[in-house]
Amino acid sequence: MINLRTKTRVVMMGILLFSMVTTFAIAQSSDPAPNRTEGEGPYERLIIRGANMIDGTGAPMSGPVDIVIEGNKIASVHRVGYPGVPINEARRPKGATQELDATGMYIMPGFIDMHVHTGGAHKVPSAEYTYKLWMGHGVTTVRGVSFDQSNIFEWSISEKERSAKNEITAPRMFSYHRMGTGWDKPVTTPEEAREWVRFAKKQGIDGLKLGAEDPLIMEAVLDEAKKLKLNSTAHLGQTGVVRMNTADATKLGLGAQTHYYGLFESMYDSNDIQPYPIDYNYQDEQWRFGQVARQWNLVTPRGEKWNALIDLFLEHDLTMDPTMTIYEAGRDVMRARNADFQQEYTLPQMWDYYTPSRTAHGSYWFDWTTEDEVQWKKFYQVWMQFLNDYKNAGGRVTTGSDSGFIYNLYGFGYIRELELLQEAGFHPLEVIRSATMNGAEELYKRLDEEPPFGIIRPGKLADLVIVEENPLHNLKVLYGTGAVKVTDDNEVVRVGGVKYTIKDGIVYDAKQLLKDVRDMVDEQEAKVGKKKQY
């Protein structure tokens, strides 16, 4: 059993959680996606010809290969020659009912975004917008934490089921929910926490999105989740981290940490809590996001506590889902505000939400200073070093984006997360592994079964990404806006962008999906006017 400093805090936290749930319930859901009209297949026997394969395990690229897909599964992978010489036709599989010429292109497992929200009607009128941005960037699986901003089960579970049947153009969905979702009462005792987990399991959820719950509540929730084979992830926010940091939660059985909250607090050298300014107020969003970076110098990289924490995480198989992309604007807000994609792909309604505001979550640029950005840059250096050390020690690191806040747009923000892992020291092959195999392993680690996707192997689901440029050379070619290059003739061009996204054997034209998004933006701008700059 764990020690409880004060039992009254359990009741207080239950009341706080109920307040949060009822606040979220005010938000309206985005409209569900329309029935699918995009995509071709699945086919009886589709053969993808001549691609260079990056299989998701971290193994080096290999090609050319022909990949046979029968229905929604990979049937076989054939190495059909050597680079720079004609393909050996005798090695090629026969009997295709449909062929896709991917000669010289690059094929990977479908990407997995481990931290998403669909948006909610106050930002995104229809979920179609969000889904097509994900699919247009090769994201074939997402973990909603939760998808629906009104914090109810029905919308998320319904969209998950429609996606599973491919009735909509959307990634496959794993639905995680906050404690208390679907109840009209607060969770105030360990037994109520257990009761809610059992209730939520019956609703069809896949896992739990937890906060920094009080110790007895956290212990009960994670224990009950383990019994029911529900995985968990947690945002161990500042209001509860003093009693439930990442080390504490890991010992109780937490599956994954999302963001960074609780990580630094687990290895302070000379503090028990972060030494906030005396007039700090968590509900002031600039205080909240500005001060949290100012703990980078409270830990010793590769010191005794640092190394011990890595050992603890490895012992308990904790997964780290950092979502560095969602906080990166803190390092350079001007860059984030003026990113290449904002003009064409960001809805005016979404842009209004990003605009500095004292009441919109994550729109905290009240008086953002150079010093704030300096502190965030230093914070990232230490954070990235820990992630790289954990990966090198054998720890699992995944990729998540948490897009829809802080100038971070769906799809585009996900690709930025891949770039940030490379900045942290990950080899591009390790980045792709984090984006594919690692995410699949985390989603299935409580189910005692091999993930059905995440690597390119016979028998796995046909979730694939095909791009014309080599992403190992430059991850920027995965952006929907592509990457800028200068040709031998001194012509400036944009190259790349995902060409095909394949989910369940259905082939989608990724560039057409993104054109659909641009059309949505144009339509909304025609109704409400162009995005206002400031």
Side-chain angles (χ1 to χ4, degrees), residues 53-59 67 69 72-75 77 107-116 134-135 137-145 147 160 163-164 166 170-176 205-209 225 229-233 254-258 313-314 317-323 387 390-391 394-402 411 414-415 417-418 421 426-466 471 478 498 501-506:
M53 179 178 67
I54 303 166
D55 72 3
T57 66
I67 299 177
I69 297 172
N72 71 337
K73 290 188 176 181
I74 299 170
V77 178
I107 189 165
M108 297 166 282
F111 299 142
I112 302 171
D113 191 331
M114 295 290 284
H115 189 129
V116 307
W134 285 331
M135 293 281 283
H137 284 90
V139 176
T140 56
T141 298
V142 290
R143 178 171 69 178
V145 289
F147 291 110
K160 169 190 165 183
S163 175
N166 291 305
R172 64 182 73 252
M173 300 179 173
F174 287 73
S175 188
Y176 283 43
I205 73 167
D206 299 296
L208 308 179
K209 163 69 179 297
K229 295 187 175 182
L230 289 172
N231 207 358
S232 57
T233 187
L254 180 67
Q257 174 194 274
T258 192
F313 290 172
L314 290 172
D317 193 21
L318 181 79
T319 294
M320 306 208 73
D321 185 50
T323 68
L387 293 170
Y390 188 53
K391 176 263 298 178
R396 186 186 298 109
V397 179
T398 58
T399 50
S401 68
D402 197 12
Y414 181 78
I415 302 305
E417 182 74 359
L418 307 189
L421 283 179
F426 287 47
H427 186 280
L429 286 169
E430 294 174 325
V431 173
I432 300 302
R433 182 179 64 188
S434 289
T436 55
M437 185 183 79
N438 284 4
E441 288 181 346
E442 171 59 20
L443 289 170
Y444 278 83
K445 80 178 181 185
R446 278 282 170 85
L447 299 179
D448 300 324
E449 60 185 79
E450 282 290 315
F453 52 81
I455 62 175
I456 299 178
R457 288 289 187 279
K460 298 294 185 182
L461 290 173
D463 288 6
L464 301 163
V465 182
I466 300 176
L478 297 172
V498 173
T501 298
I502 302 175
K503 177 211 168 193
D504 261 338
I506 300 171

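Using a 4.5 Å cut-off on side-chain heavy atoms (C-beta onward), Leu461 and Asp504 make contact. The shortest side-chain heavy-atom distance between Tyr444 and Pro452 falls under the 4.5 Å cut-off. Using a 4.5 Å cut-off on side-chain heavy atoms (C-beta onward), Met114 and Val145 make no contact.
Proximity of a side-chain donor or acceptor of Lys445 to a complementary backbone N or O of Gly255 within less than 3.5 Å is detected. Counting only distance, with no hydrogens or angles, the side chain of Asp113 and the backbone of Ser401 share a donor-acceptor pair below 3.5 Å. In this structure, the side chain of Thr501 engages the main chain of Met135 through a donor-acceptor pair within 3.5 Å. Put simply, the side chain of Arg446 gets close to the backbone of Leu230: a donor and an acceptor are under 3.5 Å apart. Between the side chain of His137 and the backbone N or O of Val139 there is no donor-acceptor pair closer than 3.5 Å. Judged by distance alone, with hydrogens and angles left aside, the side-chain atoms of Asp55 form no donor-acceptor pair with the main-chain N or O of Ile455 at under 3.5 Å. At distances below 3.5 Å, not a single donor-acceptor pair connects side-chain atoms of Gln257 with backbone N or O atoms of Met320.
One finds the CD1 atom of Ile432 at 12.0 Å from the OG1 atom of Thr57 (value rounded to the nearest 0.5 Å). Here the straight-line distance linking atom CZ of Arg143 with atom OG1 of Thr233 works out to 4.5 Å at 0.5 Å rounding. Put simply, CZ on Arg457 and CD1 on Ile67 are 10.5 Å apart, with the number rounded to the nearest 0.5 Å. Summarising the geometry, atom OH belonging to Tyr176 is positioned 6.5 Å from atom CG belonging to Asp206; distances are rounded to the nearest 0.5 Å. Atom CE of residue Met108 and atom CG of residue Leu478 lie 5.0 Å apart, to the nearest 0.5 angstrom. Atom CD1 of Ile54 sits about 7.0 Å away from atom CG of Leu429, to the nearest 0.5 Å.
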Exercise. Does the pair Lys209 and Thr258 meet the rule for a side-chain hydrogen bond (donor to acceptor under 3.5 Å, both in side chains), with working shown?
Worked result: CA-CA 9 Å; Lys209 163 69 179 297; Thr258 192; over 6 Å; no

For this session: Evaluate the criterion side-chain hydrogen bond (donor to acceptor under 3.5 Å, both in side chains) for residue pair Asp321 and Thr398; output intermediate values, then yes/no.
Result: CA-CA 5 Å; Asp321 185 50; Thr398 58; 2.8 Å; yes

For this session: Could you go through the side-chain contact (heavy atoms from CB on, under 4.5 Å) check for Phe426 and Val397 one step at a time?
Result: CA-CA 10 Å; Phe426 287 47; Val397 179; 4.0 Å; yes

Exercise. Yes or no on side-chain contact (heavy atoms from CB on, under 4.5 Å) for Ser163 and Lys503, after CA distance, side-chain angles and deciding distance?
Worked result: CA-CA 10 Å; Ser163 175; Lys503 177 211 168 193; 3.0 Å; yes

Exercise. side-chain contact (heavy atoms from CB on, under 4.5 Å) between Phe453 and Thr140: does it pass, once the steps are laid out?
Worked result: CA-CA 10 Å; Phe453 52 81; Thr140 56; over 6 Å; no

Problem set entry | Audit row: Glu442, Thr319, side-chain hydrogen bond (donor to acceptor under 3.5 Å, both in side chains) steps and yes/no | CA-CA 7 Å; Glu442 171 59 20; Thr319 294; 2.6 Å; yes

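Residues Gly207 and Ile205 share a closest heavy-atom pair of O-CD1, 3.4 Å. Shortest non-hydrogen contact noted between Ser434 and Leu421 is CB-CD1, 3.9 Å. Closest non-hydrogen pair, Leu387 versus Pro322, comes out as CD1-CB, 3.7 Å. Here the closest heavy-atom approach between residue Gly454 and residue Ala440 is recorded as CA-CB, 4.0 Å.
For the pair Lys160 and Phe147, the cation does not sit on the ring face, since its NZ or CZ is not both under 6.0 Å from the ring centre and inside 45° of the axis.
Note on Asp448 versus Lys229: salt bridge recorded, some NZ/NE/NH1/NH2 to OD/OE distance being below 4.0 Å.
Using cut-offs of 30° and 60° on the angle between ring planes, the pair Tyr390 and Phe313 is perpendicular.
Screening Thr436, Thr141, Ile456 for a side chain to side chain contact (heavy atoms under 4.5 Å, CB included) involving Asp463 leaves a single residue, Thr141.
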